[in-house]
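Have a look at the structure below, then the notes.
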Amino acid sequence: MNCILRGVRVIDPVAHLDSAGQDVWLSDGRIIAIYKHIGEGTLPVIDLTPKPGGQPCVLCPGFIDLHTHLRQAPNADDEHLAENILSGSMAAAAGGFAHIVNMANTDPVIDNPEIVKDSAAFSAPAPIQVLTTAALTRHLDGKELVDIAGCSQAGAVAFSDDGRNAATPRLLSEAIKTTAEFNKPVFIHPEDEEIIAQVNGVTDSVTGCSNRPPAAELKAVDFGIRAINHAGRGRLHFQHVSTAAAVEAIAKAKEAGAAVTAEATPHHLGMWLPFETAPTPPSLAKVNPPLRSERDRNAVVQALREGVIDAVATDHAPHRPESKGDDYEEAAPGFAGLETALAVCLTLGGMGGDWLPVLVDRLTVAPYRVLGDGAGIEEPRLRIGESATCVLFDPAQEWVVGDKPFFSGGKNTPLLGQTLRGRVLMTLFEGSAVYHDTERLPWDAPGGHD
Ligand SMILES: [Zn+2]
């Protein structure tokens, strides 16, 4: 890779840079220069200049996903899984993500320092950076905290029982206090399990229950806010916020100075119920928390635009086809989301047009700040002369979901067959082209340095 990308919009939120009509000189995984016009000399030029009135391609720092399920536990067999570290990290690269935070609810659960250490080592060969979370409680059952000091030292960047929310506010408060000593945030899946159990009439696992009222989210968010206030320090992050009521509670807590942050998924930004046409099978639309009303969706979009919700996070949850069968109640919840995230936000999620630079912020520096400097990743910037970690995307390119095979082992999305706008053309991670669109950027193979 040694070329000039002509006519690009360069966005670097940390540098307050947003400038169209730029030429970008790339050489051997580095951005050598960004100028209004670079004479080509002997370099090949890839002209990306948009047609008059068209939208330019965007170059920005690589995306950070705070919420990914790669399914594969360290050293565990991946034969029966929908995803493994390699397929999931390739899917991330194709979606523009350079860093992803892998959730701990694998089998076995990542809930002790040894397995955290193994997980970090096992993920190290991935083409992008796979960061490891540790569970907050042993076996995710909300009874006993993990060894927070040990897991933190072993490389956990955050603590989360995602998928479950069984810890009492008191235990959560203790966890927030302890993780603060190691400069790590606690992430919670804010759905109150008691409410869900009651309304569904179950006494055991609530994970598969399809009736998940907004009140369950609000109660869990309120408990979380109470827990961090009681802790008096630390950081608490609310995962996949989906309701207007939770948004309001988080806004109030932030105004009062609580160290809380929040994320929204592309699907809660871009979809609401009822669908005009349900997907086939309908279980492809099953997700926790569920898709909500249009009013809730609008509140989530508004909150992301204003920064009440800090970041976009995919909650990429790949499943095998047999887990998304005809029986809605039995079907597993979750969508594969890494490869559609950008396009869903731009096309359906209210973050296209004038909101595009805000979206770039919410996919780069905002999630970086949620993790904090305890995660050990570099601030997302476009650094001249250094090995680049960045993404190039065309916000206007149309594509049909499912037309090209996913890198992910999970094809479970209600968007199959839909036309979206916004396509990643290239992802560089520390100087390596971990993904590139060979039609639009005709140079040699990804990963190749020429
Ligand atoms: Zn969750």
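As the structure lists them, so they are numbered: ligands from 1, and atoms in each ligand from 1. Everything numeric in this text was worked out from a predicted model, so none of it was measured.
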inquiry  = If I only include protein atoms of type N, O or S, how many are less than 2.8 Å from the Zn ion (ligand 1)?
reply    = 3
ask   = Near N75 CG, under 6.0 Å, is it more than 12 heavy atoms from other residues, nucleotides or ligands?
value =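 Counting neighbours around CG of N75, more than 12 heavy atoms of other residues, nucleotides or ligands fall under 6.0 Å, so yes.
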Short N-O contact, R381 and D12, less than 4.0 angstrom = yes
salt_bridge(R138, D111) N-O dist < 4.0 Å = yes
key: Derivation of the salt bridge (Lys or Arg N to Asp or Glu O under 4.0 Å) call for D437 and R423   = CA-CA 9 Å; D437 180 328; R423 196 80 173 145; 5.4 Å; no
query = Is the H99 ring parallel, tilted or perpendicular to the F429 ring (thresholds 30°, 60°)?
reply = perpendicular
query = Got F187 and V370 here, is their nearest side-chain heavy-atom distance under 4.5 Å?
reply =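 Yes, at least one pair of side-chain atoms sits under 4.5 Å.
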